[in-house]
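Below is one structure, written out as structure tokens; comments come after it.
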Amino acid sequence: MTIWWLLPAVILGSLILTGGLRRYALARRLMDVPNSRSSHSVPTPRGGGIAIVVCFLVSLPLLFLTQGLSGTAMWALLGGGAWVALVGFLDDHGHIAARWRLLAHFIGAGWVLWLVGGIPELQFFGVVLDLGLFGYLLGALFLVWLLNLYNFMDGIDGIASVEAISVCLGGALLYYLLGQSHLMLLPLLLGAAVSGFLFWNFPPAKIFMGDAGSGFLGITLGALSLQAAWVDPQLLWCWLILLGVFIVDATWTLLRRLLRGDKVYEAHRSHAYQHASRLFGRHLPVTLVVGAINIFWLVPLACWVAVGGIDGVLGLLLAYAPLAMLAVRFNAGKQEIPA
């Protein structure tokens, strides 16, 4: 039974629910008020990412019943995603100490890894490496880092939404190229849920995603990348390529701040995309460039790796090289000099 009709339904549901959440936030004064570490200048409602969470998670049981989504994959996404979204929601509406948030993130990552089976064998340059139990530790670090970097990178209008949609479209295309078209609907549904939200989040944003939405996207995209890797080990490199913009900017910034001795859990405005948005004086050009890099650079490279045209590690290095140069060019991790 084909349920492709679910895609427009999820887009519409996300669009309507985000609008409702915006009215709720305005009525309850759940606003993101600008401060010295913000990249926006106007108080804006927050918490719209809950629409993404609800619309995607509700679609999973339908996919399980009709399209052959495995029970383990469904529960991995449902449990891990809902748990991380709940932690983010509570943090959005109050405050959870960083150490407890981190513990909760590792619990969510552990749930996902337990159900998907960890990380499959890594393949690079003709070598096959079975990580065994170490793969679970590596996988947990990967999921928790991706979860948190997605939160760090959700700092200007539309950027986290455009990134997620681009990655999901790329992930679906990879399945198509490998003759696994029955698996395309899962990443497309996540992209559809984000698309409805993007209507309200596109620059200038009328509502922000919040930690619940950004954390959910981080762990869900990570889970989808691991699921893809179990279909074909080369797809892990492909998904790392698709996520390159966020991974390179966030990782470069974190390393530079660690070397400087900064408290890395504190809010800041030193990512490359934040420096770029201040340089251009607007969010829109930066968000559009991120989308263009994904579609015209990273997606083609990921497809090249998927079809066996280039080794995964070599493709990853090729993809990340210009992204690293952009991080240097736009001063990723450099302290902002107060005006």
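Worth knowing before you read on, the calculation uses all heavy atoms, side chains too, and leaves out hydrogens, waters and symmetry mates.
- Ser277 places a side-chain N or O within 3.5 Å of a backbone atom of Gln274 that can act as its donor or acceptor partner.
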Start with the C-alpha distance between Asp232 and Leu174, add both sets of side-chain angles, then the distance that settles side chain to side chain contact (heavy atoms under 4.5 Å, CB included), and finish with yes or no. CA-CA 10 Å; Asp232 185 331; Leu174 296 174; over 6 Å; no
Leu177 and Cys303: side chain to side chain contact (heavy atoms under 4.5 Å, CB included), yes or no, with the steps? CA-CA 8 Å; Leu177 292 174; Cys303 291; 3.5 Å; yes
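- Distance OG/Ser195 to CG/Leu15: 10.0 Å, rounded to 0.5 Å.
- At least one donor-acceptor pair under 3.5 Å links the side chain of Asn201 to the backbone N or O of Gly158.
- Remark: side-chain polar atoms of His283 are paired, donor with acceptor, to backbone N or O of Asp157 under 3.5 angstrom.
- With hydrogens and angles ignored, the 3.5 Å screen pairs no side-chain donor or acceptor of Arg22 with any backbone N or O of Gly48.
- Contact check for Tyr320 versus Ile247: side-chain heavy atoms found under the 4.5 Å cut-off.
- Pairing each heavy atom of Leu113 with each of Gly139, the nearest pair is CD1-C, 3.5 Å.
- Looking at heavy atoms from C-beta onward, Leu217 lies out of side-chain contact with Leu147 at the 4.5 angstrom threshold.
- Judged by distance alone, the side chain of Asp249 and the main-chain N or O of Ala272 form a donor-acceptor pair under 3.5 Å.
- Using a 30° and 60° split on the angle between ring planes, Phe152 and His268 fall in the tilted class, from 30° to 60°.
- Closest heavy-atom contact between Leu17 and Cys55: CD2-SG, 4.5 Å.
- Between the Trp230 side chain and the Val116 main chain, a donor and an acceptor come within less than 3.5 Å of each other.
- Residues Arg46 and Met209 fail the side-chain proximity criterion, which asks for heavy atoms closer than 4.5 Å.
- Separating the CH2 atom in Trp111 from the CG atom in Leu78 is a distance of 9.5 Å, to the nearest 0.5 Å.
- Between Pro45 and Lys206, the shortest heavy-atom distance links the atoms CD-O, 3.4 Å.
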Leu131 vs Leu122, side chain to side chain contact (heavy atoms under 4.5 Å, CB included): CA-CA, chis, key distance, verdict: CA-CA 8 Å; Leu131 296 173; Leu122 297 182; 3.9 Å; yes
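- Aromatic ring pairs are classed by plane angle as parallel below 30°, tilted from 30° to 60° and perpendicular above 60°; the pair Phe246 and Tyr150 is tilted.
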Test side chain to side chain contact (heavy atoms under 4.5 Å, CB included) applied to Phe330 and Val286, step by step: CA-CA 11 Å; Phe330 289 101; Val286 180; over 6 Å; no
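- No side-chain heavy atom of Leu141 sits under 4.5 Å from any side-chain heavy atom of Trp145.
- Just one residue in the list Leu189, Leu188, Thr66, Val58 forms a side chain to side chain contact (heavy atoms under 4.5 Å, CB included) with Leu6, and that residue is Leu189.
- Across all their heavy atoms, Ala212 and Ile50 have their closest contact at CB-CD1, 3.7 Å.
- Across all non-hydrogen atoms, the minimal contact from Ile219 to Leu143 is O-CD2, 4.2 Å.
- Linking ILVMFWY side-chain heavy atoms closer than 4.5 Å, directly or via other members, places Val328 and Leu255 in two distinct hydrophobic clusters.
- Heavy atoms of other residues, nucleotides or ligands lying less than 6.0 angstrom from CH2 of Trp200 number more than 12.
- Phe280 is connected to Tyr273 through a chain of hydrophobic side-chain contacts under 4.5 Å among Ile, Leu, Val, Met, Phe, Trp and Tyr, so both are in one cluster.
- A donor-acceptor pair is defined here as one N or O able to donate and one able to accept, closer than 3.5 Å; no such pair exists between the side chain of Trp239 and the backbone of Ala302.
- Across every non-hydrogen atom of Lys263 and Arg257, the tightest pair is O-NH2, 3.4 Å.
- The hydrophobic cluster containing Leu254 also contains Met153, counting ILVMFWY residues as joined when their side-chain heavy atoms lie under 4.5 angstrom apart, directly or transitively.
- Crowding of Trp114 atom CH2: a count of heavy atoms from other residues, nucleotides or ligands under 6.0 Å not exceeding 12.
- We find the CD1-CZ distance between Ile159 and Phe202 to be 12.0 Å, quoted to the nearest 0.5 Å.
- Met74 has its side chain out of reach of Leu63: every pair of non-hydrogen atoms, C-beta onward, lies at least 4.5 Å apart.
- Not one N or O on the side chain of Thr287 forms a donor-acceptor pair closer than 3.5 Å with the backbone of Pro285.
- Of the inter-residue distances, the one linking Arg282 atom CZ with Ile156 atom CD1 reads 11.5 Å to the nearest 0.5 angstrom.
- Enclosure of atom CH2 in Trp75 is not indicated, since only 12 or fewer non-hydrogen atoms of other residues, nucleotides or ligands lie within 6.0 angstrom.
- Annotation: the span from Ile241 atom CD1 to Leu316 atom CG amounts to 5.5 Å, rounded to 0.5 Å.
- Shown here is Arg260, whose CZ atom has more than 12 heavy atoms of other residues, nucleotides or ligands within 6.0 Å.
- Asn151 has its side chain out of reach of Asp154: every pair of non-hydrogen atoms, C-beta onward, lies at least 4.5 Å apart.
- Side chain of Asn331 to backbone of His275: no donor-acceptor contact under 3.5 angstrom is found.
- In the displayed structure, Phe142 atom CZ is contacted under 6.0 Å by more than 12 heavy atoms of other residues, nucleotides or ligands.
- Asp91 places no side-chain N or O within 3.5 Å of a backbone atom of Val87 that could act as its donor or acceptor partner.
- When the side chains of ILVMFWY residues are joined at heavy-atom separations under 4.5 Å, either directly or via intervening members, Leu314 and Val128 end up in two distinct hydrophobic clusters.
- Taking the side chain as every heavy atom from C-beta outward, Leu169 and Val299 never approach each other to under 4.5 Å.
- By the rule that hydrophobic residues join a cluster once side-chain heavy atoms approach within less than 4.5 Å of another member, Leu21 and Ile11 end up as members of separate clusters.
- Proximity of Leu243 to Leu221: side-chain heavy atoms (C-beta onward) are separated by under 4.5 Å at one or more points.
- For the side chain to side chain contact (heavy atoms under 4.5 Å, CB included) test with Ser14, the passing option among Phe199, Phe56, Phe197 is Phe197; the others fail.
- To the nearest 0.5 angstrom, Leu235 atom CG is 12.0 Å from Leu224 atom CG.
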